[in-house]
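Read the structure below first, then the notes.
Proteins come first, then strands; the chains are lettered A, B, ... in the order of their sequence lines, and each starts at number 1.
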Amino acid sequence: MTSPESASSSLFGRLTGRPRVTRTSRDVVVLHDVSKLYPNGRLALRDVDLVVPEGDFVFLVGPSGAGKSTLMRLLIRDELATRGHVVVDGDDLAQLRRRAVPRVRRKIGIVFQDFKLLPRKSVWENVAFALEVTGTPRARIKPAVDRVLALVGLTGQAGQIPTQLSGGEQQRTAIARALVHDPRIIIADEPTGNLDPVISWELIQLLLRINEMGVTILMATHDAEVVTALRKRVVALEEGRIIRDELGAAYHRED
Amino acid sequence: MIAFVLFSIRRAWQGFWRNALMSMAATLTMVLMLTLLAGFFVLQNVLLASLSFVEQKVEVVAYVENTATQEQVDALVAKVGAMPEVSSVEFISRDQALANFRQQLAAQGRTDLTAALDQNPLYASINVRLHDPSQLTTVVSAIRDEPIVRSVINIQALVDRVLTFTGIVRTAGIAILGLVGLIVLFIIVNTIRLAVVARAEEIEIMRLVGASDAFIRWPFVFEGALVGLFGALITLGMLLLVADPLSQAMVNFFNVLPIELGSVGRDTAVLVLGTGVGVGVLGAWVSVRTYLIR
């Protein structure tokens, strides 16, 4: 069954016994034939194939309800695929034991449209929270938090609570929190959805900088202007299917 | 391991005070429910004590032949007193019986006609009290066969009625206490669930940043224990304040002093602390479980 090529070159091939997906570098995200049927009967994803090499910057576009959020929830194993394989950094999530789930989640930093910051904690505490609740020794927390706050440019606001911050600053806090575990992937679900255009651009610049440091970025967005201007890889979803997967593409199809 | 426990306790403490309003509401509910439970528990104990007091009143009276010598009587008293079912034996001589009778008449304000008698018509008796009135038949049949015993007053029917009554009251008391216990359990668990649900977002964030189940669960469990502990201590403090005047009032009201309530204070403390902490932990455990990895 298994060809020598698949056994040696492709992690995905090793898992499935099918040497169909060819790849050049390490793939941090592999979805193969993934379908997701919710208990209420809604088929959110149909036969989705997606391979994201390490260091990629991928825009996930498509109308609301197209399956973007479901795809992201599968990656953090908030949901399990009904069919197919979801592989994150070498781990097949369907075969992952419950106890191992937190370890995989720490490889993924997540950023939401509504920031999801704790309102009673300061910026510094919000970022440190991610390390505290994962059992990081206190001595290692301070340098790590200081480092990511410097990276996102919030060192001066470390003592403020989220309500004292602008939307952009709140989202940068969320990004700092997502980064503090040194993740391999950042998943951003419409991170600029609540921000005005100028602030959105600043945030995109920050994500690009993080991407240049080698972190793979998967960003769902409706922001056509940003997507078209950046000419990155664009994966378009519609009714649960990938209808387009292009490198250096625009928000809309350009045939 | 120790670091984890310390972390959980620190987080529980923070969680309690940072959500002061919710914590206070939960603690207050805890206090009300524990007071209710403790109240019913104490009532139950007073009831049980009263019932056994009533049961202790059951007394076997055996009349002794006038021909019996003092030695025979002493031997009988010693023999009956040695029976395991018997708690006390008292010998009432003929003269004493007459004196008691006269006293009763005087107390009731009736004319004393006994002076007109040429001799004492009463028999001497031994009055036997039992540990457990259901053992009546055994004791009565043993005494009845004694040669110097003239007759034993038959109180079987009365005792049966008393025992049926106390049995029903006991069962009802336990059923009501159990029901109150269940109500208390559900209300406390629900209150803690509300406090946990109010922090669903915090739990959600913990999950998303890769906190393990234990790191999410235990701080909440400790917090539930903390709410239970505070609630129990406040409840016990309140009970301590009202305990003295209340028991005094009770003694005055019922006018039955021999009720034994010695260990009730300690039992109530154990019950309140145990229920508070136990149900707090249980409530937190089941409430957080909803949010853990599916």
| message | Please classify the contact of K107(A) with chain B as side chain, backbone, both or neither, using a heavy-atom distance under 4.5 Å. | response |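 Contact with chain B is absent: no heavy atom of K107(A) under 4.5 Å.
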
| query | What part of R99(A) gets closer than 4.5 Å to chain B, counting heavy atoms only: side chain, backbone, both or neither? | reply |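 It is neither, since no heavy atom gets under 4.5 Å.
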
| field | P102(A) to S212(B) - nearest heavy-atom pair and separation | value |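 Looks like CG-CA, 3.6 Å.
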
| message | Tell me the closest heavy-atom pair linking R105(A) and R207(B), and the distance in Å. | response |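 For R105(A) versus R207(B), the nearest heavy atoms are CD-O, 3.3 Å.
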
Are there over 12 heavy-atom neighbours, none belonging to [X], within less than 6.0 Å of that residue's [atom1]?
X       : atom1 : answer
R10(B)  : CZ    : yes
F7(B)   : CZ    : yes
F186(B) : CZ    : no
W218(B) : CH2   : no
Y38(A)  : OH    : yes
L6(B)   : CG    : yes

| When V133(A) is tested against each of V209(B), I216(B), I205(B) for side chain to side chain contact (heavy atoms under 4.5 Å, CB included), which residue passes? |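 The passing option is V209(B).
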
| field | Top of E201(B), R18(B), R11(B) for chain A proximity - count of heavy-atom pairs under 4.5 angstrom | value |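 Between E201(B), R18(B), R11(B), the count favours R18(B).
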
| query | Can you check whether K121(A) reaches Q14(B) side chain to side chain, under 4.5 Å on heavy atoms? | reply |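 Contact flag for K121(A)/Q14(B) side chains = yes.
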
| message | With a 4.5 Å cut-off on side-chain heavy atoms, are E132(A) and F215(B) touching? | response |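 No; the side chains remain at least 4.5 Å from each other.
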
| query | How far does NZ of K116(A) sit from CG of L208(B), to the nearest 0.5 angstrom? | reply |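 Between atom NZ of K116(A) and atom CG of L208(B) there are 7.5 Å.
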
